Student: 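Encoded as C-alpha cells, here's the structure I'll be asking about.
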Amino acid sequence: MTKKSRVPAGSLGKSDANSRVCLRGWVNRRRDHGDLVFIDLRDRSGITQVVFDAQFLPSPELLERAKELRSEFVLEVEGEVILREKEAINPDLKTGEIEVRATGLEILNRAETPPFPIEDEVRASEDLRLKYRYLDLRRPEMTRNFILRSDVTYRVRQLLHAEGFLEVETPILTKSTPEGARDFLVPSRIHRGKFYALPQSPQLFKQLLMVSGLERYYQIARCFRDEDLRADRQPEFTQIDLELSFPDEEDIYELIEKLFVAVFPPNGIPCEAPFRRMKYAEAMERYGIDRPDTRFGLELSTLDASASPSEILKKAQIVKGFAVPGGAGFARKRLDDLEFQAKNLGAGGLIWIKLDASLPGGWNSNAKKVLNEETIAAFRGKLQAADGSLLLVVAGKEKSVNDTLSTLRAQIGREEKLIPEGRYDFLWVTDFPLLEWHEDDGRWYATHHPFTSPKPEDLDYLETDPGRVRARAYDVVLNGMELGGGSIRIHRQDVQSRIFSRLGIGPEEAREKFGFLLDAFRYGAPPHGGLALGLDRMLMILAKAGSIRDVIAFPKTASGTCLMTESPGPVASDQLTELGIQIRPPQAGS
RNA sequence: GGGGUCGUAGUUCAGUUGGUUAGAACGCAGGCCUGUCACGUCUGAGGUCGCGGGUUCGAGUCCCGUCGGCCCCGCCA
C-alpha cells in the first residue's frame with residue numbers, strides 16, 4: 001500500500017477545487033447535524049472544514065464513525081475538495097471558500113477531553129496552560145510564535161553566514177566566575193567538592209575564539225542566570241551572541257542594523273537604519289534610565305530649587321521632575337497612589353504640583369511648605385509647563401531620583417495612552433561609564449562586564465577618578481526595552497590587569513579565575529568586540545506577546561519551577577552520596 | 001527578602017450583612033436535527049469553595065497561618 005501524500009489543511013483554496021486530497025490533523029471542532037457532520041480539521045498550517053454528507057458517502061458506516069469524533073482526535077481524512085455554495089462561504093476562515101467532502105476516514109488516535117479548549121482566545125489560566133504546555137502550544141497563536149521564532153533564527157543565521165561569521169558552540173558545563181549574576185552550579189562526580197557552572201553568557205569563550213583567529217563568531221546561545229524572574233526574564237534564555245576581530249563601534253552598529261533590517265520588516269515591524277544614537281549621560285538626564293522609551297514625551301529636567309524655603313529641597317543632591325500636560329485634573333486618589341509608589345521605589349517622597357489658573361494663586365500642591373512662587377516659576381519655566389499641567393518632582397540622591405521618575409514616567413505614559421500604536425524606536429545608547437560605585441559594599445563594579453575596554457583617552461582616570469572613565473560599550477534599545485548590548489573588549493593583558501585591580505580582584509584571584517584569558521592575551525590577541533541580543537525579548541516584540549513565556553516553548557513560572565515536569569525536583573539519596581552532597585535542613589533564623 | 005493581586009464545577013466566572021439544597025455560561029454525556037462554521041434543540045451528570053487552624057449555634061464569606069499562579073521592588077556585570 002502506498003502512503004498517501006498529505007496536504008496542509010491551511011493551504012487549500014479555490015484553485016484546489018475537484019482535487020482529491022489526504023489531510024492529517026486534529027479535530028478542532030465538530031458540528032453534528034444528524035445525517036450531516038462537519039469537522040474543522042486543524043494542523044500546523046491552519047484549519048479546513050471537512051464534511052461528512054450521507055448523500056455522498058461511499059458507505060453509511062463512514063457516517064457512524066464520523067459521529068464518534070471528538071475534540072482533539074487525530075485523523076486521516078481522504079476526500080475531494082469542493083467549492084462551497086455562495087451562501088455557505090465562511091469569510092472568517094482562510095480556507096472558507098472550499099471544504100473537503102470526505103470519502104475516507106481513519107481515526108489515528110483518540111483523545112480525552114482537553115482540560116481547556118484549544119482556541120486562540122485564551123480562557124485558561126496561565127498555570128493550567130503551563131501544566132499542559134503541549135496542549136497550549138497547539139493553540140494557533142502559540143504555534144504562530146514558534147513559526148516566527150524559527151523564521152527569525154533562520155534569517156539571523158542566513159545573514160551572519162553571508163557576512164562571514166562562523167557558528168561555534170561553547171561549553172554549557174564551564175567555570176564559575178566572580179561578578180555578575182548568581183551562577184547555576186553543577187556538582188562534579190569525579191572531582192568531589194568541585195562544581196561546574198552554567199554560563200551566564202559565552203563571553204570569555206567568544207573572546208578566546210578571537211584569539212584563536214576565527215575572526216567572526218556567532219552562536220544562538222543558551223544563557224543561565226540564577227536570579228529572580230520577571231515578565232521579561234527567565235533563568236535560562238537565549239542570546240544571539242556574536243564577536244568579531246578588528247572592529248570599531250561603527251562596524252558593530254552597521255552589522256546589527258543590517259541584522260535588524262533583515263528580521264523586523266519581513267515580520268511586519270518597520271525598521272530603518274541607521275538608528276538614532278544617544279549618549280548615556282543624555283539618556284539619564286532626559287529619561288532617568290539607560291534604556292529610554294523615546295516614543296513619547298514627559299521628559300525629565302533637572303530643576304533649580306535654590307529659591308525654595310525648604311533646606312531639605314535646597315540641599316538635595318539633585319531635584320528633577322517632569323510635566324504631565326492636562327494632568328492637573330488627576331484625582332486625589334491617583335496622586336496619592338503615585339506618591340505611595342514613589343516611596344516604594346526608594347524616593348523620600350513625591351511633590352506634585354497642579355497648575356490651574358482657576359485655583360487661588362494658580363497652583364496647588366501636596367508640599368506647599370517647601371514651595372513658593374519663585375520656585376514654582378522656576379520649575380514651570382524649566383519644564384515649559386502650560387496651565388492645566390501636573391508637575392511631578394522628586395529630590396534626593398541622583399540614582400533614586402532617576403529610578404523613581406523614570407518608572408513614573410513610563411507608567412503615566414502607558415496609562416495616559418501617550419505611546420503611539422505601531423511605532424518602533426530603535427536606539428543606540430553609547431558612552432556608558434565603565435564603572436559604577438556600589439554604596440552597600442563600598443567598591444567599584446563593572447557597568448557592563450570586566451572585559452569592556454575603557455575609552456583610551458579616559459584610561460588615566462582609572463586610578464584617580466574611576467567614575468569618569470567611559471567605556472567603549474553600547475546598548476541597542478527598542479521602545480524602552482534593552483534588546484542587547486556589547487562592547488569593544490580589552491585585548492591587552494596589562495590593561496585587563498589594571499581593570500581587575502580597580503575592581504578589587506587582586507593578581508592572585510585574577511590568575512585563579514581568569515588565568516586562561518590573561519594567558520591568551522599574551523599570545524597575540526587581536527583587538528575584538530561584539531554584542532549579544534536577547535532573542536526572547538526580540539521575539540516578544542515581534543510576536544506582540546505580553547510575556548517572554550509566550551515565545552519560549554517550555555518556560556518556568558515566576559518562582560522558577562516548571563509546572564509540567566515539576567522541576568526542580570528531589571533526587572535519590574544515592575545520587576547525592578555519589579556526588580558527596582548532603583542536604584542541610586534550613587537553619588532557623590537564616 | 002519586601003509590596004500588590006488572584007485561587008469556588010473540566011474551564012471562565014458570579015456568590016449581598018456570616019444563615020435553607022453553592023449558581024451561570026461554555027465544555028462534557030445521551031437523544032433529535034442535511035448547510036453548519038461559537039450550529040440549533042431537549043435531557044442529564046458534574047463541587048475537598050487551594051490547604052491547615054481559629055472565631056461562631058452556623059464560615060465560600062470573618063481572623064491567623066500556609067501553598068500555588070501573575071505583576072512590581074530588591075536582584076539580574
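On a predicted model such as this, the values are computed, not experimentally measured, just so you know. Order of the sequence lines sets the chain letters (A, B, ...), proteins ahead of strands, with each chain counted from 1.
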Student: Give the rounded distance in Å between these two atoms: CZ of A:R101 and P of B:G35.
Tutor: 15 Å
Student: Given the C1' atoms of B:A29 and B:C63, what is the spacing between them in whole Å?
Tutor: 43 Å
Student: Can you tell me the base-pairing partner of B:C28? Count Watson-Crick or G-U wobble geometry only, both distances below 3.5 Å, and say none if there is no partner.
Tutor: B:G44
Student: For the P atoms, the ones on B:G52 and on B:A9, what distance do you get once it is rounded to whole angstrom?
Tutor: 16 Å
Student: In terms of side-chain geometry, is the basic nitrogen of A:K67 or A:D32 positioned less than 4.0 Å from the acidic oxygen of its partner?
Tutor: yes
Student: Any salt bridge linking A:E398 with A:K320? Criterion: basic side-chain nitrogen under 4.0 Å from a carboxylate oxygen.
Tutor: no
Student: Given that both distances must come in under 3.5 Å, which nucleotide forms a Watson-Crick or G-U wobble pair with B:A9?
Tutor: none
Student: Between B:A59 and B:C26, how far is it from one C1' atom to the other, in whole Å?
Tutor: 30 Å
Student: Is it true that A:E227 and A:R225 make a salt bridge, defined as a side-chain N closer than 4.0 Å to a carboxylate O?
Tutor: no
Student: Should A:D458 and A:R472 count as an ion pair when the cut-off is N to O under 4.0 Å?
Tutor: no
Student: Taking the side chain of A:S71 as heavy atoms from C-beta outward, which of B:C28, B:U12, B:C75 is closest to it?
Tutor: B:C28
Student: May I have the distance from A:R182 (atom CZ) to B:G1 (atom P), rounded to whole angstrom?
Tutor: 11 Å
Student: Quick test of your reading of the model: are A:R498 and A:E463 salt-bridged, counting only N-O distances below 4.0 Å?
Tutor: yes
Student: Under 3.5 Å for both donor-acceptor distances, Watson-Crick or wobble: does B:C75 have a partner, and if so which one?
Tutor: none
Student: Take A:D183 and A:Q200 through the test side chain to side chain donor-acceptor pair (under 3.5 Å) and record every step on the way to the result.
Tutor: CA-CA 7 Å; A:D183 286 317; A:Q200 297 177 26; 2.6 Å; yes
Student: So if I take residues 481-493 of chain A and measure heavy-atom distances to RNA chain B, which residues fall below 4.0 Å?
Tutor: none
Student: Any side-chain heavy-atom pair from A:L204 and A:T174 closer than 4.5 angstrom?
Tutor: no
Student: Is any NZ, NE, NH1 or NH2 atom of the basic residue among A:D40 and A:R30 found under 4.0 Å from an Asp or Glu carboxylate oxygen of the other?
Tutor: no
Student: Less than 4.0 Å between a side-chain N and a carboxylate O, is that true for A:R70 and A:E112?
Tutor: no
Student: Taking the C1' atom of each, how far is B:C13 from B:G19, in whole Å?
Tutor: 24 Å
Student: With hydrogens left out and only the distance checked, is there a donor-acceptor pair under 3.5 Å joining A:R129's side chain and the base of B:U11?
Tutor: no
Student: For nucleotides B:G27 and B:G47, find the distance between their C1' atoms and express it as a whole number of Å.
Tutor: 16 Å
Student: Is the side chain of A:S567 donor-acceptor paired with the backbone N or O of A:G569 at a distance under 3.5 Å, no angle test?
Tutor: no
Student: Taking any heavy-atom pair under 4.0 Å as a contact, classify A:R84: base, sugar-phosphate, or nothing.
Tutor: base
Student: Could you tell me how far apart A:Q341 (CD) and B:G4 (P) are, to the nearest whole angstrom?
Tutor: 13 Å
Student: For A:E72, is there an ion pair with A:R42 - N to carboxylate O distance below 4.0 angstrom?
Tutor: yes
Student: Counting distance only, does the side-chain N/O of A:T452 pair as donor-acceptor with the main-chain N or O of A:R489 below 3.5 Å?
Tutor: no
Student: For A:S125 and B:G7, is the shortest distance between a side-chain N/O and OP1 or OP2 below 4.0 Å?
Tutor: no
Student: Using whole Å, report how far CD of A:Q411 lies from C1' of B:G4.
Tutor: 13 Å
Student: Could you state the CG-C1' distance from A:D40 to B:A38, rounded to the nearest angstrom?
Tutor: 11 Å
Student: Measure the distance from CD1 on A:I118 to C1' on B:G10 and round it to the nearest whole Å.
Tutor: 13 Å
Student: Between B:G35, B:U11, B:C28, which nucleotide has the shortest distance from any of its atoms to the side chain of A:A88?
Tutor: B:G35
Student: What string of B, S and - do you get for nucleotides 67-74 of chain B 5' to 3' if you count protein non-hydrogen atoms under 4.0 Å?
Tutor: --SSSSBB
Student: Reckon A:D53 touches a base, only the sugar-phosphate, or nothing at all at heavy-atom distances under 4.0 Å?
Tutor: base
Student: Say we look at B:U8 and B:G2: how far apart would their C1' atoms be, to the nearest angstrom?
Tutor: 30 Å
Student: Is there a residue in residues 28-37 of chain A whose heavy atoms reach under 4.0 Å of RNA chain B, and which residues are they?
Tutor: A:R29, A:R31, A:D32, A:H33, A:G34, A:D35, A:L36
Student: Using a 4.0 Å heavy-atom cut-off across all strands, classify A:P115 as base, sugar-phosphate, or nothing.
Tutor: sugar-phosphate
Student: Describe the nucleic acid contact of A:Q55 in one word from base, sugar-phosphate, nothing, applying a heavy-atom distance below 4.0 Å.
Tutor: base
Student: Can you confirm whether A:L75 sits close enough to A:I107 that some side-chain heavy atom of one is under 4.5 Å from a side-chain heavy atom of the other?
Tutor: yes
Student: Do A:F116 and the base of B:U11 stack face to face, with centres under 5.5 Å apart and an angle between planes under 30°?
Tutor: no
Student: Which is true for A:F38 with a 4.0 Å heavy-atom rule: it touches a base, it touches only sugar-phosphate, or it touches nothing?
Tutor: base
Student: Take A:A124 and A:Q49, find for each the nucleotide of RNA chain B with the closest heavy atom, and name the residue whose nucleotide sits nearer the 5' end.
Tutor: A:A124
Student: Is there a Watson-Crick or G-U wobble partner for B:C70 with both distances under 3.5 Å, and which nucleotide is it?
Tutor: B:G4
Student: Between A:K455 and A:D431, does any NZ, NE, NH1 or NH2 come within less than 4.0 Å of an OD or OE carboxylate oxygen?
Tutor: yes
Student: What is the base-pairing partner of B:U61, counting Watson-Crick and G-U wobble geometry with both distances under 3.5 Å?
Tutor: none
Student: For B:G35, what is the paired nucleotide under Watson-Crick or G-U wobble rules, both distances under 3.5 Å?
Tutor: none
Student: Take atom P in B:G30 and the same atom in B:A45, then report the distance between them in whole Å.
Tutor: 15 Å
Student: Between A:L93 (CG) and B:C39 (P), how many Å, whole number?
Tutor: 12 Å
Student: Rounded to whole angstrom, note down the C1' distance from B:C49 over to B:G23.
Tutor: 12 Å
Student: With a 4.0 Å cut-off on N to O distance, would you call A:E482 and A:R291 a salt bridge?
Tutor: no
Student: To the nearest Å, how far apart are A:R70 CZ and B:C28 P?
Tutor: 8 Å
